[in-house]
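Values in this document were obtained by computation on a predicted structure and should not be read as measured data. Quick note: numbers below take in every heavy atom, side chains included, and nothing from hydrogens, waters or symmetry partners.
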Amino acid sequence: MGINISDSVFNCINKYGFNIIKYAIDILYPIYQEAMKSEGNRLLWYIHLPKIPVFPLQEDVSYTHSMQEVYDFSPEAIFVPGNIVPYYLPGVKIQVFHGYAAEKKDHWVIRRYFDTYFTQGPFFTKRFRELSVEYGDFEVVETGWSKQDWIKTHWHDFDLEREELLIKHGKKQIVLYAPTFSPSLTSLPALKEALLHLTKMKDIVLLLKFHPLTRQEWVDEYKQLAEKEEHIVWVDGFNVTKYQLMSDVMISDTSSTVYEFLLLGRPVITYRTIAKDIYWTNITDVVQLPEAFENAQYNENDIIKRRWIVDNYDPYLDGKVCRRMLDAVSDYICRHGVPEKRKLNLWRKYTSIKKFGRIQKR
């Protein structure tokens, strides 16, 4: 038995699959690490070449670019942080989510690709269980989000790097700017000068960490800013969480990283977020940024709202999320067996084949 870790199990299962796109590596890797603790588990990562031409973990894990190889591997479970997985693959298809942004239109869309949804906390569980009753062909288990296990393990790993950065720049705080890549939602065109002004007014180092799908012209523009300005630092790498752990405040827009940072108990400022329910400091004009920087840190109402997010979006900070996921998959297979494939309508089948291609059944 086995798992496929894909864009992308256990007592009853030992073949897993992980379906991967670049931003999802730090979501799936903690599940992989937990699975590796049990002898006999076989794990395979599927890397979708258009999204990840160079796989950062290629020296550490077994992986393939071939969907045919995934099919021949015959996974018993497939972990998927994206929205789609080939219906023709065997195995339990598990949605583990790529963030907390419930205000984005596609977050609640049921595409019928998944056998079970592993939700992060009560806020998400309630709605997905309602949808499960409505659709009748998937289960919902509240496990927490796998990325939180990584945070639990590495919470203090970057303390020294943080202190060295502050000493180097002679500053007191680190601010992270992590905008979304979506052209219709991003703050990138609007905030450049305001961010520069903030670094000159406040005692801060500003880190720039962009989504891997950000338009190249915006990447180039902000990289040039970092090259010219002493206290603005461009950071690379697929793991934004490292820089969240190093930072005191985050500035963003309509990005799921907002919720990830709030779950650390730290203040967030957004620019023109589309979120209906706002649990942080949001500004609608760039001139409001310096005042918002102070309010976000010390406003008692914002502190209470951050606590609500932790309790309802993801209260599972115990380091056992991935274990719960693996146990839940094992339980599913013990009750239902390993699905041979997922039943879909013709449009969903076409969409799946268009993205991942066809396979030869043995």
Side-chain angles (χ1 to χ4, degrees), residues 1-21 24-25 27-49 51-52 55 57-58 60-98 111-118 137-139 141 143 146 322-344 348-349 351-353 355-362:
M1 292 190 282
I3 351 178
N4 176 284
I5 295 193
S6 170
D7 196 48
S8 6
V9 200
F10 294 153
N11 298 337
C12 285
I13 167 173
N14 57 30
K15 291 179 73 176
Y16 301 83
F18 298 80
N19 185 4
I20 271 294
I21 47 184
I25 293 173
I27 299 170
L28 295 173
Y29 194 57
I31 306 173
Y32 171 86
Q33 290 178 306
E34 183 65 30
M36 288 296 290
K37 293 178 181 179
S38 300
E39 292 185 9
N41 286 332
R42 295 174 56 203
L43 301 98
L44 179 67
W45 296 65
Y46 170 73
I47 311 303
H48 198 52
L49 272 176
K51 297 294 184 182
I52 308 185
F55 180 38
L57 301 178
Q58 60 186 343
D60 304 314
V61 305
S62 296
Y63 71 98
T64 181
H65 299 302
S66 166
M67 190 53 69
Q68 182 67 51
E69 187 174 341
V70 176
Y71 178 78
D72 294 341
F73 178 72
S74 190
E76 293 169 325
I78 306 175
F79 291 92
V80 186
N83 296 323
I84 181 172
V85 62
Y87 72 95
Y88 48 72
L89 292 177
V92 183
K93 296 162 185 66
I94 309 144
Q95 170 62 265
V96 295
F97 298 100
H98 53 267
R111 296 175 176 84
R112 316 302 284 267
Y113 289 110
F114 299 102
D115 299 296
T116 184
Y117 287 68
F118 288 173
D137 63 352
F138 65 87
E139 297 184 359
V141 182
T143 60
S146 56
C322 296
R323 184 69 261 163
R324 280 191 290 273
M325 287 183 169
L326 300 182
D327 289 344
V329 175
S330 179
D331 175 67
Y332 184 99
I333 291 176
C334 287
R335 289 183 290 111
H336 301 293
V338 178
E340 294 183 7
K341 65 179 181 179
R342 182 76 175 163
K343 294 180 180 180
L344 292 176
R348 293 300 184 190
K349 288 182 178 180
T351 303
S352 178
I353 291 170
K355 180 170 184 177
F356 294 103
R358 298 180 181 271
I359 48 91
Q360 294 292 324
K361 296 185 178 181
R362 308 302 189 191

Please check: side-chain N/O of [X] versus main-chain N/O of [Y], any donor-acceptor pairing under 3.5 Å?
X    : Y    : answer
K361 : I359 : no
H98  : P81  : yes
Q68  : Q360 : yes
N41  : M36  : no

Which atom pair, heavy atoms only, marks the closest approach of [X] to [Y]?
X    : Y    : value
P90  : Y71  : CD-CD1, 3.8 Å
S352 : Y87  : OG-N, 3.4 Å
R358 : I353 : CG-CG2, 3.6 Å
Y332 : P339 : CE2-CG, 4.3 Å
S146 : C322 : CB-SG, 3.7 Å
V85  : F356 : CA-CE1, 4.2 Å

| All ring-ring contact (aromatic ring centres under 6.0 Å, His included) counterparts of F118, not counting sequence neighbours |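 Scan of F118 (ring-ring contact (aromatic ring centres under 6.0 Å, His included), adjacent residues dropped) gives none.
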| task | To the nearest 0.5 Å, tell me how far D72 CG sits from T64 OG1. | result | 9.5 Å
| message | As an exercise, state the distance from NZ of K93 to CD1 of I78, rounded to the nearest 0.5 Å. | response |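 So the NZ of K93 and the CD1 of I78 are separated by 5.0 Å.
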Sequence neighbours left out, what passes side-chain hydrogen bond (donor to acceptor under 3.5 Å, both in side chains) with [X]? Give chain and number order.
X    : value
K37  : E34
Q33  : none
E340 : none
Y117 : none

Would you say [X] and [Y] make side-chain contact, with heavy atoms under 4.5 Å?
X    : Y    : value
T143 : V96  : no
M325 : V141 : no
L326 : F79  : yes
L44  : P75  : no
L43  : V61  : no
M67  : L89  : yes

| task | Name all residues meeting the salt bridge (Lys or Arg N to Asp or Glu O under 4.0 Å) criterion together with D137; count only those two or more places apart in sequence or in a different chain, and write none if there are none. | result |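 For D137, the residues satisfying salt bridge (Lys or Arg N to Asp or Glu O under 4.0 Å) (neighbours in sequence not counted) are R112, R342.
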| query | What residues form a side-chain contact (heavy atoms from CB on, under 4.5 Å) with R348, not counting sequence neighbours? | reply | R111, Y113, L344, N345
| query | Between W45 and Y29, what is the ring plane arrangement, given parallel below 30°, perpendicular above 60°, and tilted in between? | reply | tilted
